[in-house]
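Below: the structure, in structure tokens.
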Amino acid sequence: MAVDYGIQGHVAVITGSTSGIGQALAGALAEQGVNVILNGFGDPAQIEHDRRKLQERTNASILYHGADMTKPEEITDLIDYAVREFGRLDILVNNAGIQHVAPVDEFPPEKWDALIAVILSSTFHASRAAIPIMKAQGRGRIVNIASAHGLVASAFKAPYVAAKFGVVGFTKGLGVELARTGITANAICPGYVKTPLIEKQIGDQAIARGIPEDRVMEDVILAAQPNKQFVEYGHLAGMLLYLVSDMGASATGAALSIDGGWTAT
Ligand code: NAD
């Protein structure tokens with residue numbers, strides 16, 4: 001039986017939703033009748049194709065805004081676009097992310113800047129722009145897609161780990177600050193999900209560790225997760241739907257692990 005989360009007609013901005021986790025979460029919200037603004041890079045024809053398909057499949061209104069999440073003024077425009085088009089903003093999912101795997105002493109400084117900008121600073125800029133809108137509505141939901149790497153570290157990912165710890169810290173600060181406003185802020189901390197970001201990493205990890213790619217999956221990626229399975233999109237969508245519904249009203253400032261037991265070890 002389909003669950004009704006009571007969010008039909010709500011409006012969501014999901015950053016980095018042209019691929020992977022963000023795209024899957026956009027689908028889950030649209031299936032509940034949430035109007036979604038997609039964002040992210042990619043082939044314009046493919047993005048338009050995916051936008052149209054999701055709209056037809058769900059009957060929600062699906063729009064796209066191409067803000068580069070390293071550019072504060074474009075991020076502000078993305079948030080304003082929700083109000084221009086739909087007159088409201090109920091849900092902000094800060095999901096856009098990139099990865100670069102290398103030892104710190106070989107890590108290109110421009111990659112550090114990009115990681116911090118896309119993952120951490122964009123979460124600040126988007127939240128900063130969304131909060132006044134949500135305060136005026138008396139309700140809002142900010143969900144930051146952090147990572148197990150927002151709670152524990154792995155080798156050759158120190159900048160990513162730093163950015164994700166930052167996202168978790170920022171989420172806690174927001175949760176406390178907004179606790180009496182009707183706005184909640186939480187971080188979802190997934191373990192490994194088989195997305196394009198991870199598929200690319202398998203090659204990078206093989207180079208950084210000097211081992212063949214087929215060993216990376218077993219010895220590095222799933223080695224971290226006691227259940228030895230990738231996290232599925234639906235497992236993340238379930239947490240998102242809980243958080244954005246009224247059932248999630250008391251959950252705020254939390255870092256919620258969905259990682260097959262990784263951070264319990
Ligand atoms: P992905 O590469 O499939 O998707 C990333 C999305 O971010 C894409 O839509 C891309 O276009 C967008 N993006 C990147 N740079 C951008 C920019 N400057 N401006 C706008 N959009 C930009 O990756 P994914 O695995 O789906 O990752 C999504 C989020 O989940 C990331 O924050 C990632 O760190 C996090 N995460 C992923 C995993 C995993 O195992 N895949 C685990 C934990 C956390």
Side-chain angles (χ1 to χ4, degrees), residues 13-28 36-44 46-47 50-51 54 64-79 81 92-101 110-111 113-123 125-126 143-154 157 159-168 170-171 187-202 204-205 216-217 220-222 224-225 229-233 235-237 239-240 255-260 262-263:
V13 168
I14 308 179
T15 73
S17 43
T18 52
S19 169
I21 293 170
Q23 191 171 49
L25 296 181
V36 175
I37 295 175
L38 302 170
N39 158 261
F41 295 153
D43 169 34
Q46 184 66 47
I47 292 171
D50 293 346
R51 183 199 69 77
L54 183 57
Y64 167 77
H65 187 292
D68 179 342
M69 299 308 288
T70 65
K71 304 217 163 88
E73 62 289 357
E74 293 187 21
I75 298 170
T76 306
D77 194 62
L78 166 65
I79 300 298
Y81 186 59
L92 168 63
V93 182
N94 288 304
N95 166 79
I98 53 173
Q99 175 64 283
H100 186 79
V101 179
E110 62 276 13
K111 292 272 186 204
D113 289 342
L115 272 161
I116 298 297
V118 177
I119 294 174
L120 181 55
S121 299
S122 81
T123 299
H125 292 296
V143 180
N144 300 324
I145 307 304
S147 171
H149 285 120
L151 301 170
V152 294
S154 294
K157 292 187 179 175
Y160 181 84
V161 169
K164 293 295 188 182
F165 266 70
V167 169
V168 169
F170 182 68
T171 306
I188 296 178
C189 298
Y192 284 109
V193 191
K194 209 167 179 199
T195 67
L197 183 133
I198 288 300
E199 278 160 11
K200 176 183 176 296
Q201 230 186 93
I202 293 170
D204 294 347
Q205 285 274 14
V216 171
M217 189 85 89
V220 181
I221 305 233
L222 292 180
Q225 289 190 191
Q229 284 173 20
F230 283 99
V231 176
E232 292 176 20
Y233 291 136
H235 304 164
L236 302 177
M239 178 60 81
L240 175 67
L256 300 153
S257 292
I258 304 185
D259 64 6
W262 177 350
T263 53

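The structure presented is a predicted model; accordingly, all values stated were derived computationally and were not measured. First listed ligand is number 1; within each ligand, the first listed atom is number 1. When a residue number appears, it is its place in the shown sequence, counting from 1.
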Item to check | Distance-only polar pair, side chains of Asp50 and Gln23, donor-acceptor under 3.5 Å | outcome: yes

Checklist entry - Does the N or O separation between Met69 and ligand 1 drop below 3.5 Å for any pair? => result yes

Checklist entry - Hey, does Phe41 come in under 3.5 Å of ligand 1, counting only N/O atoms on both sides? => result yes

Checklist entry - With only distance considered, is Gly40 within less than 3.5 Å of ligand 1 through an N or O on each side? => result no

Checklist outcome for this item: Taking only non-hydrogen atoms of Tyr160 and a 4.0 Å limit, the atoms of ligand 1 in range are 33 (C), 34 (O), 35 (C), 36 (N), 44 (C)

Checklist outcome for this item: At under 4.0 Å between heavy atoms, what of Ile198 touches ligand 1? The answer is side chain

Checklist entry - Does ligand 1 have a heavy atom under 4.0 Å from the side chain of Ser122, from its backbone, from both, or from neither? => result neither

Checklist entry - Nearest non-hydrogen atom to atom 13 (N) of ligand 1 belongs to which of Ala96, Gly66, Ser17? => result Ala96

Item to check | Which of the ligand 1 atoms, numbered from 1, are nearer than 4.0 Å to a heavy atom of Asn95 | outcome: 28 (C), 29 (C), 30 (O), 31 (C), 32 (O)

Checklist entry - Counting each atom of ligand 1 from 1 as listed, which ones have a heavy atom of Ser19 under 4.0 Å away? => result 1 (P), 3 (O), 4 (O), 8 (C), 9 (O)

Checklist entry - Heavy atoms only: which of Gly191, Pro196, Ser147, Ala146 is nearest to atom 42 (C) of ligand 1? => result Gly191

Next on the checklist: Tell me whether ligand 1 is touched by Phe230 - counting only heavy atoms on the residue side and a distance under 4.0 Å.
Outcome noted: no

Next on the checklist: Do Ser154 and His149 pair up side chain to side chain, a donor and an acceptor below 3.5 Å, judged on atom types alone?
Outcome noted: yes

Checklist entry - Among side-chain atoms of Asp204 and His100, is any donor-acceptor pair under 3.5 angstrom? => result no

Item to check | CD-CD distance between Glu199 and Gln201, expressed to the nearest 0.5 angstrom | outcome: 11.0 Å

Item to check | Side-chain donor or acceptor of Asn95 paired with backbone N/O of Ile145 under 3.5 Å | outcome: no

Checklist entry - Using a heavy-atom cut-off of under 4.0 Å, does the side chain or the backbone of Lys164 touch ligand 1, or both, or neither? => result side chain

Checklist entry - Can you list the atoms of ligand 1 that are under 4.0 Å from a heavy atom of Thr18? => result 8 (C), 9 (O), 11 (O)

Checklist entry - Does ligand 1 have an atom that lies less than 4.0 angstrom from a heavy atom of Gly42? => result no

Checklist entry - So Phe41 and Ile47, side chain to side chain contact (heavy atoms under 4.5 Å, CB included) or not? Walk me through it. => result CA-CA 8 Å; Phe41 295 153; Ile47 292 171; over 6 Å; no

Checklist entry - Does the side chain of Gln99 come under 3.5 Å of the side chain of Lys111 through a donor N or O and an acceptor N or O? => result no

Checklist entry - Given Val152, which of Thr263, Asp259, Val161 fulfils the side-chain contact (heavy atoms from CB on, under 4.5 Å) condition? => result Thr263

Checklist entry - Do the rings of Tyr192 and Trp262 sit parallel, tilted or perpendicular, given the 30° and 60° boundaries? => result parallel

Checklist entry - What atoms in ligand 1 come closer than 4.0 Å to a heavy atom of Gly97? => result 5 (C), 7 (O), 14 (C), 31 (C), 32 (O)

Checklist entry - How far apart are the C-alpha atoms of Asn94 and Val167, what are their side-chain angles, what is the distance that settles it, and do they pass the side chain to side chain contact (heavy atoms under 4.5 Å, CB included) test? => result CA-CA 10 Å; Asn94 288 304; Val167 169; over 6 Å; no

Item to check | ligand 1 to Pro190 polar contact by distance, N or O atoms, under 3.5 Å | outcome: no

Next on the checklist: To the closest 0.5 Å, what do you measure between CZ (Phe170) and CD1 (Ile119)?
Outcome noted: 14.5 Å

Next on the checklist: I want to know if ligand 1 touches Thr195 in the polar sense, i.e. an N/O pair below 3.5 angstrom.
Outcome noted: yes

Checklist entry - Can you tell which part of Val118 has a heavy atom less than 4.0 Å from ligand 1: side chain, backbone, both or neither? => result side chain

Next on the checklist: Let me confirm one number: the CG-OG1 distance from Leu38 to Thr15, rounded to the nearest 0.5 Å.
Outcome noted: 11.0 Å

Checklist entry - Where's the contact between Cys189 and ligand 1, heavy-atom distance under 4.0 Å: side chain, backbone, both or neither? => result neither

Checklist entry - Going from CG on Leu240 to CG on Leu236, what distance comes out if it is rounded to the nearest 0.5 angstrom? => result 9.0 Å

Item to check | Sub-4.0 Å heavy-atom approach of Ile145 to ligand 1 | outcome: yes

Item to check | Heavy-atom nearest neighbour of atom 27 (O) of ligand 1 within options Asn144, Leu197, Ile258 | outcome: Leu197

